[in-house]
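Worksheet for the structure shown next.
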Amino acid sequence: MTMLFKPVILWTDSLIYLLVIVVLAFVWHVRRNEHMLAPWRRVGHSASGMAALTVLVFFIAVGLLDTVHFRPAVENNDNGNSEKVYSVEVLSLLDIIAAPLRTRVEKTYSAPFAAHLYARETIELPDGGQIREFPRLQFGGAHLQNPEAQLTADVTWRAAAGAGLGVFVWCVLVILLSASLAHRDNVGVLYTLSAIRRGATEIPWNAVLVTLVLILSLLGAALALSVHYHILGTDKVGQDVFYQSLKSIRTGLVIGTLTTLMMLPFALLLGIMAGYFRGWVDDVIQYIYTTLSSIPGVLLIAAAVLMMQVYMETHPELFDTIAARADLRLLFLCIILGVTSWTGLCRLLRGETLKLREMEYIQAAHAFGVSHWRIISRHILPNVMHIVLIATVMDFSGLVLAEAVLSYVGVGVDPSTISFGTMINAARLEMAREPMVWWALLSAFGFMFALVLSANLFADAVQDAFNPRVRTWPVKAGKPYRRKRQEEDPETKPNAATAKDVISP
Amino acid sequence: MSPLLQIDNLETILHTGTTPVRAVDGLTLQIMQGETFALLGESGCGKSMTALSIMRLLPEVGEIVAGSIRIGGEDLLLLPEAAMRNVRGKRISMIFQEPMLSLNPVMTVAEQISEVLRRHFNLRGEAEQQRVLEILNQVGIPDAARRMTEYPFQFSGGMKQRVMIAIALAGEPELLIADEPTTALDVTIQAQVLDLMRDLQQRNGMAILLITHDLGVVAEMAQRVAVMYAGEIIETATRTEFFRSPAHPYSCKLFASLPGKTKRDQGLAVISGSVPPLSREFIGCRFADRCDHAWDLCRTTAPEWSLVATDHQVRCHLFNQNSGSRIQDSIKAAEVLPQAAFKSQPAIFNSELLRVTDLKVHFPIHKGLMKRVTGHVKAVDGVSLTIPQGGTLALVGESGCGKTTVGKGILQLIAPTAGSVCYDGLELVGLERKQLREKRAEFQIIFQDPYSSLNPRMRIVDIIEEGMDALNVKDKVGRVGHQSALPAGKEVDALLQRVGLPPETKWRYPHEFSGGQRQRIAIARALAVNPRLLICDEPTSALDVSVQAQILNLLKELQDSLGLAYLFITHNISVVEYLADEVAVMYLGRIVEWGSVDEVLGNPKHPYTQALLSAVPVVELNPKREVIRLHGDLPSPANPPAGCHFHPRCPHAMPVCHETYPGSSNFSSTHTTRCHLYPQPQNTSTLQQKNARTTV
């Protein structure tokens, strides 16, 4: 029995696995320590944070599915021996799941849910005459006899069926959740259900479930439709845009997370050292980042990427597949972006550390003879983490955009890597077409928007929970009591209302 | 006479958190034309919210839900916002606590004053400038014509507060609200500013609503007093009545908790517990939980106003005619009840614990591209002092005189420029970091601001254990022996109990504690490593009077039981009187007078000490003292005056003072000062100075 596939671990894959392991270890560690768990419980109290997390989970799931790479075995019929040969094409689990999307390539542009191409073609008629018309798509809506008449009804019906299935799955999940909650709290399932509906649970499950029902019904509809249609249209070479958007998620996540990981050690170490030690250490670090940030970033990145590109092209023997080469290029892009983008955060951290080092609790630590390293790690680091958190999330969106800009200049990801950047870059020309091709840009924008927004909202919730000075309350806050006087006697004091409005805007 | 300001049943709530906070709850008061009305209370009792309600400048979350505020018969709460702008600055002005934050740093002083003039008097050009100059002269800014075009950073703290007052006066208001106007200032500057306010009031006949927590300022300034507690006024009286016989148990306790010389051998009266959260519903008297005289009625019925004397009302069941006079005497009795008395041990300090000789801490001033050193800020310039084992030395001085730097220099938190710090026979200056670390457990510091001295992201247990871990005190045998025998993990519990906190609190974070509790935690942290010397850097100046009493009691009790030595850095003279054995008075980086408490405070020799002591507001009715007014401010330590540093402000300055810094003159084995008024050690021409001395 031979393997049906050969696992492939690309460079970024291994780093993502490492990241996942670190996160899991951290979760395990936090779960064992009550005092570390407490702030995370407070994260759980934030409705917007939990809703954002629900969305993020789907993005991360797609990204992780797209991270498991392998080379499928191909049939080798040449001489019938047992030599197993693997395809040179590296596929991911997502590629397998989305095989219909990946393989059904049309000729060129087609609009979402279209049954015809977006461009006229000259078609030879059997009688020798020629007409120009929009030809039928090879796959999109191919099952329809008469698209003009059937399309709307078919799409609606399939969408409804898919959404219905999504809602059904959701119902199953709700029942499972309330059953497990009821079991844990020793109360009735119905009671738990009503508690969830009223928002009386500790974690705002109602917000999570509302988000979930939206996502699941959308997802159900999308899955049901995507088998028969290109739900977000196709691009210039006929590739499904929905598939491209799904593939871009991993690229976006990799650039957003790995770049931050590359950048953080520089920013944290140098920023805190500069602020804490002052003196010549501060001078040296300041000169370094001032110099670095005065070089135009794009130039620096372009130079580095081009050098790497030339090296890769002169040493093709280093890479056994195209995917390996594209992946290494992505990794280098992350490293280069990381090395050039730490200056902003470093400066922020230096400033904050300058302020913190004069705080009396740091002085008290000095008076105890606490070592510099411990002061930095126990007193300064936790007190600048909120800045790091905000900066990294803000950078996340910035980095995804930077990737788009760099791909536009031609120094971004490998052309074979699908990313939001390459999608937007391609859309640049499409926007100028007449009639306009709008769907590629819109889907890239929509997916990026959802990803960045949910990451921002979640980071907000985390920041609030970890800042001990901001108290977070369980969802139900008391309704403020307002304008008692106005309600009391609106007749006798006609001016009271205006005065009150002014006082309490 | 009809009142100028009449507030009826004012209710202000703040919408923060789950339940609204009733910051002001049914407040009624009247202020007459031209009178000074003091609103006295501890932090968090709603004083500032009252002021902001009058100005209608409440924060976003604040709302006035009931009541009326009438000025000259006109209800401010009925005015539209546009009309309110004619009231603010014109009829009612306000000065704030922090002069550094209340002036716009990018506008000149004249511009900030003329803003008011343009708004309310439509003055322009020459007339406007003329009026600005007039006002600045009125508030006593020297050389006003030149200084009016300067920016706030060019003014000192006291001058800034004068400018603030000038802005407030520019509209010629009928009522001036002064919210803690002198809390951020030094006593000598405070005396100047209070003087100025009194002057201006007499001249312009305006009324002042003075908001303060300082009984001394009330005694100096007020004509009528109202005591505020938990959002409501609990006592109103004329100043004389109030200081002669405070009625409400809370007011009595406030007086009793003031430290002072006469209470040296006893604990200070403390008000148990803390101010209740104002988000709570109150059923009975708000003070009942902390009151020694509370009985059932207090917990079930809120007291109404009772008349104690003419112009003296109190909100307490004790004075209600119907409930009998049975308790009136018990208050008086309780006052005499001896508080937990301390052993008044005779101060026999044989062994010397710390000797500081000629300590200098200079900070270089860098200028230019290459950061050349162009000068030095001589924060500490030759300080010598000794602290005996188990004794308390108080270091007194105004802000900026270098007292905190002395403390940090002794602890080697700042590397001294010169001099020696000799702890228990060991020279600390120039010691390697590692060697120094071994001695760190012996001397510890308690900081002024309990809000910034605890890391907000660490639990109490981690905060307290930090020093133990760093110095490995757990392994050593505790010298004081109060914790060494305990198993691991119990030390923290024992320490927390020692400073009066329940051990369960160790799992919480600092933000869950009040200021006084935080200061206790800071003390516990310092005690964790068994120090013998504690440097207390203004440990009570950020706290309310009643909380200050708790902390002072704790410090005194710890000294008795553990034999700690204190270097007590403060500007609060009454704390010194209460706690210290010896006093060193510091001026501009140098100690100008040093002696035992009785010698220095009872018979001050140096003109600066004399002025400093006379400027402290005294809580008594008829202060029979001449306040020595110091003009001007503390000079910059970067550029100290030649000769005696004090001569530019000294009322007795002589030609010799401009030339040489005086040597030390001894009055007894312990009392010395450095002043040309007294016989100089090597100086033969002392006769003339002796003559001068008699004029003091």
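Per chain, numbering begins at 1; letters A, B, ... match sequence-line order. What's counted below: heavy atoms across the whole structure, side chains too, no hydrogens, waters or symmetry copies.
A donor-acceptor pair under 3.5 Å is absent between the side-chain atoms of B:Arg440 and the main chain of A:Phe368, judged by distance alone.
The ring pair (Phe, Tyr, Trp, His ring centres under 6.0 Å) test applied to A:Phe277 returns A:His372, not counting sequence neighbours. For the side-chain contact (heavy atoms from CB on, under 4.5 Å) test, residues two or more places apart in sequence or in another chain that qualify with B:Arg518 are B:Pro450, B:Tyr451, B:Leu454, B:Pro510, B:His511, B:Phe513.
Within 6.0 Å of CZ on B:Arg85 lie no more than 12 heavy atoms contributed by other residues, nucleotides or ligands.
The greatest number of non-hydrogen atom pairs below 4.5 Å with chain B, out of A:Ala367, A:Ser371, A:Ala365, is found for A:Ala367. For the options B:Lys408, B:Glu466, B:Gln412, B:Gln448, heavy-atom pairs under 4.5 Å to chain A are most numerous at B:Glu466. When the candidates A:Gly369, A:Pro382, A:Ala364 are compared by the number of heavy-atom contacts under 4.5 Å with chain B, A:Gly369 comes out ahead. Contacts with chain A were tallied for B:Leu413, B:Asp537, B:Leu411, B:Leu57; B:Leu413 has the most, counting heavy-atom pairs under 4.5 Å.
In this structure, B:Asp462 and A:Arg378 have side chains that are in contact, with non-hydrogen atoms separated by less than 4.5 Å. Put simply, the side chain of B:Met458 reaches to within 4.5 Å of the side chain of A:His379, judged on heavy atoms.
Within the 4.5 angstrom heavy-atom criterion, only side-chain atoms of B:Arg433, from C-beta onward, approach chain A. Contacts of B:Ala522 with chain A are absent, with no heavy-atom separation under 4.5 Å from either backbone or side chain.
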Full working for side-chain contact (heavy atoms from CB on, under 4.5 Å) between A:Glu360 and B:Asp449: CA-CA 8 Å; A:Glu360 288 174 343; B:Asp449 181 4; 3.7 Å; yes
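Scanning all heavy atoms of the two residues, the minimum distance from B:Arg457 to A:Asn383 falls at NE-OD1, 3.3 Å.
Here the CZ atom belonging to A:Arg374 is positioned 6.0 Å from the CG atom belonging to B:Asp469, to the nearest 0.5 angstrom. Note that CD1 of A:Ile362 and OG of B:Ser453 are 12.0 Å apart. Values are rounded to the nearest 0.5 Å.
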